[in-house]
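Contents: one structure, followed by commentary.
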Amino acid sequence: MTGAGLEFGALLRRLRLDASLTLEALAEASGVSVRGIGDLERGRVATPQRRTVAALADGLRLDGTERERLLAVARVGRHPRPRPAGLHAFPRGIDDFVGREAELARLRALTGQGTAGIPAVVAVSGPPGAGKTTLALRAAHDLAGRFPDGQLMFDLRGTDDDAPDAAELLLRVLKALGVADRDLAMAGPQGHPELCRRVLAERRCLLVLDNARDEAQVRPLLPGAGAGMVVVTSRRMLTGLESVHRLPLGELSPAEAAVFLTSLVGGERAEAEPGALAEVAGHCGHLPLALRVAGNWLATRTGWTVRRLADRLALEERRLDALAAGDLRLSAAFNLSYRQLTPTAARMFRLLALVDGPDAGVAGAARLTGQSPFDAEDTLEELVETGLLGADRDRYRFHDLLRLYARDRLRAEEPAGAAEAARTALHRWLLETTVMAGRWYEPDHGAPPATWQGTVDLSTAEHARRWLRVEGVNWLAALRAAAAAGDHAVVVEVAEALHWFSDQWIFWGHWPEVFATAARCAQALGDPVLEATHLNYHAWALLVCEGRHHDSLDRSAQALAAAVRAGDLPQQGWAHKYTAWAFRLLGDYAAAARHNGEAATLFEAAGDLHGALQCRVEHDQILVDGGRQEESVAEILDTLSFLDQAGDRIEPHIADFTRTNLRVLIGGAHAQLGNWSEAAEHLRVAVELCRAGGNAAMESRALVHLGNSLLAAGDRAGARDAFSRCLALGAAADPQRLTEARERLAEADVR
């Protein structure tokens, strides 16, 4: 019998034995696993992929004729007589199915659409390893009773180099539906699409088209009428398909991931080490395929503790290699999608691994690759379409494991010099843009100059604030890199530009680091004015962001010493101002008043209107905290009048922030005097000012004061609303105010 007539497995075994090779020897020579070769020889894998056959031919050292014979038999195996599986013969993979309740519920609901004569077509998409096929199988199993005319599944082999085209698939589906050869011949290839639509419209059946390559491959198979349902799974989003229901899949929830792992490793082992099990799930990014690999590893290695695998997976540089069990490798699944990318998209994918934060914007991606923003956006969307990148509005994000894979590709394919140049360009751009955005809030700056050639819209302060926040992790990493490289002047310039902006994002969590780094860089530059300036900024951050009053006093003292050496009056004034603030919070109002008076004198001598204004506010705050409420109300009103009279001599954002602070302050003073209506009036104004300016930290403070005043006045509904609005601000709010709002809301509910 000729080679073309032999089954592939039988031919492979014969060639291996002729070469006197064991399974292990051929595995070593070809790079194909022992298990994989065994499955091929036994016929368990009927459609070997082209690259696998080529590797085996290399391992067998076949000459041209024998090599072609093996490849020819493999090609025949990849195009067998159509035998689509009914539900009873669907592949395994649903016995340990976990989660996806919302997705299954939606699929169940869509089955009712067919009663109106409109077939439901659902496109299930997601990154490699998300469990798209498993979901389709589970849905087909659960919904079998609703499709009495049958359930058919076809593997479209969308990741293969020689995936079947639409014409071939049409023929397979029609034969599976029992269409006679005579009818097929009469219709001809050009009539098969209409014939398929007509047959599907007449039957209530479920068609699962798994692993679709693209829209063109599946579009002719989609019915336009009838009571049936088609579920298409693909790594691509198949954006071009019309009139379909879209069902994107991501990772499992932490709870679902734990249940899934438990089903694989056994309840006893899972219950013995719940913390380690959660770590394994986290290192797997809660991705179903990664969880299955990890679970299978533990299930077959009963001597391993869960902790041992958790520690093994904790090493990022080895994690993808560790996520392999037999012939099941996570990186292989990723590679199937990666090798289908265009060269431009593949390079973007690699370079995005250089982004330090969890996500990137179009402008940053463009800077990495050297593309225009429009071209970069198109490339990013290609990555989203193929399931290798996630998108949330205008931000793009890797799954954690895909980020590790991208790093591997970066090291393997991108010249080291090119990668480092791309990283340097990105960091430089981030810091330059940070300076321009931050200066919106600095006196005598505002909007970027007309000469600035930026790729980010910083036309308003709101745009600048949004950019600084969404890129916060990325520009902070760039700042750290600049400090590590000894670019001291750059670090100082960035921190200076962010000084007043920091009031807009107080509880970000990184201001102490930013200003401490800048203080060290200023000291390295040997400029006592810069040193005093950034020591003062650090004193503020320690005081306000971390509540470290005594450490802040030490920093202010260092700043004062540097400012005195430099003969700089404004920085001497700020050192006394922050010292006064710290003493006030420590309850030493006499010391606070003394230092604040020193600061006011220095600011007046230096002609520093912004510093003088803050001293007036500090004076008012000392009166309130010191219990001198009647006096404080008059003084605060006087400061508000001073602020109004100063007009545009005060930078607008500083004026707005100060006005808000004063409204909260006078509201609190009235509340302590029992003037509830006056307190609420001022605090409502403060809330509106905060909302207009986007300052969630100040808004949370104002809302808690407002809620307390309303609750004391007997307005429980108003108080509950204020506390609820505070909680709705989330992570951007003052953590202390969130705790207080939660406690006070509970009190309001029980009164």
Side-chain angles (χ1 to χ4, degrees), residues 441 465 469 500-509 511 540-549 552 578 581-582 584-585 613-614 616-618 620-626 629 632-633 636 639-640 643 653-673 675-676 678-713 715 718-748:
Y441 299 87
R465 172 174 38 239
R469 289 188 178 187
W500 284 101
F501 170 75
S502 60
D503 280 329
Q504 307 291 322
W505 199 18
I506 295 173
F507 297 102
W508 173 41
W511 295 121
W540 169 87
L542 292 172
L543 189 65
V544 177
C545 304
E546 296 187 343
R548 294 163 56 185
H549 306 151
S552 177
Y578 292 133
W581 194 342
R584 171 172 58 80
L585 293 177
L613 174 62
Q614 298 310 309
R616 293 183 71 112
V617 176
E618 183 63 37
D620 299 342
Q621 186 75 65
I622 292 169
L623 293 177
V624 172
D625 290 1
Q629 312 305 337
S632 71
V633 168
I636 295 168
T639 303
L640 281 167
L643 182 56
H653 295 94
I654 298 175
D656 290 343
F657 179 82
T658 305
R659 190 172 283 107
T660 301
N661 200 17
L662 289 167
R663 291 287 184 174
V664 173
L665 196 56
I666 196 171
H670 276 298
Q672 292 188 46
L673 291 169
N675 302 330
W676 307 119
E678 291 88 343
E681 178 184 353
H682 286 289
L683 291 167
R684 286 193 179 98
V685 172
V687 169
E688 292 307 314
L689 287 170
C690 290
R691 181 168 300 172
N695 193 325
M698 285 291 291
E699 186 177 355
S700 65
R701 179 185 175 194
L703 283 168
V704 167
H705 282 301
L706 176 60
N708 287 335
S709 297
L710 294 173
L711 193 60
D715 184 356
R720 281 196 297 269
D721 178 67
F723 295 136
S724 297
R725 287 163 62 189
C726 176
L727 294 174
L729 294 173
D734 181 343
Q736 182 179 342
R737 303 302 176 182
L738 289 176
T739 300
E740 187 176 352
R742 197 171 292 111
E743 294 172 350
R744 298 294 281 163
L745 185 59
E747 292 178 21

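These numbers come from the heavy atoms of this one structure, side chains and all, not from hydrogens, waters or symmetry mates. For this chain, numbers begin at 1 and follow the sequence in order.
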Rounded to the nearest 0.5 Å, how far apart are CG of Leu683 and CZ of Arg701?
10.0 Å
Atom of Ile654, atom of Gln614 and distance for their closest heavy-atom approach:
CG2-NE2, 4.1 Å
Trace of the side-chain contact (heavy atoms from CB on, under 4.5 Å) decision for Leu643 with Leu613:
CA-CA 8 Å; Leu643 182 56; Leu613 174 62; 3.7 Å; yes
Checking Arg725 side chain against Glu699 main chain: does a donor-acceptor pair fall under 3.5 Å?
no
Let me confirm one number: the CZ-CG distance from Phe657 to Leu662, rounded to the nearest 0.5 Å.
10.0 Å
Backbone N/O of Trp505 and side chain of Trp511: donor-acceptor pair under 3.5 Å
yes
Atom CZ of Phe507 and atom CG of Leu729: how far apart are they, to the nearest 0.5 Å?
12.0 Å
If you apply the rule side-chain contact (heavy atoms from CB on, under 4.5 Å), what do you find for Gln504 with Tyr441, and how did you get there?
CA-CA 9 Å; Gln504 307 291 322; Tyr441 299 87; 3.9 Å; yes
Go through the steps for Arg684 and Val687 under the test side-chain contact (heavy atoms from CB on, under 4.5 Å), then give the verdict.
CA-CA 5 Å; Arg684 286 193 179 98; Val687 169; 5.6 Å; no
Would you tabulate the side-chain donor-acceptor contacts of residues 665-673 under 3.5 Å, counting partners in other chains and residues two or more places apart, or write 'none'?
unit_1	atom_1	unit_2	atom_2	d
His670	ND1	Asn675	ND2	3.2
Gln672	OE1	Gln629	NE2	2.9

Euclidean distance, Leu543 CG relative to His549 NE2, rounded to 0.5 Å:
5.5 Å
Find the distance between CG (Leu689) and CG (Asn695) and round it off to the nearest 0.5 Å.
10.5 Å
side-chain contact (heavy atoms from CB on, under 4.5 Å) between Trp540 and Ser502, worked out
CA-CA 10 Å; Trp540 169 87; Ser502 60; 3.5 Å; yes
Acceptor/donor pairs from residues 703-713 side chains to any protein atom, 3.5 angstrom cut, sequence neighbours excluded:
unit_1	atom_1	unit_2	atom_2	d
Asn708	OD1	Arg744	NE	2.8
Asn708	OD1	Arg744	NH2	3.4
Asn708	ND2	Val704	O	3.3
Asn708	ND2	Glu740	OE2	3.2
Ser709	OG	His705	O	3.0

Results of side-chain hydrogen bond (donor to acceptor under 3.5 Å, both in side chains) for Asp503 - residues two or more places apart only
none
Rounded to the nearest 0.5 Å, what separates atom CD in Glu747 from atom CD in Glu743?
7.5 Å
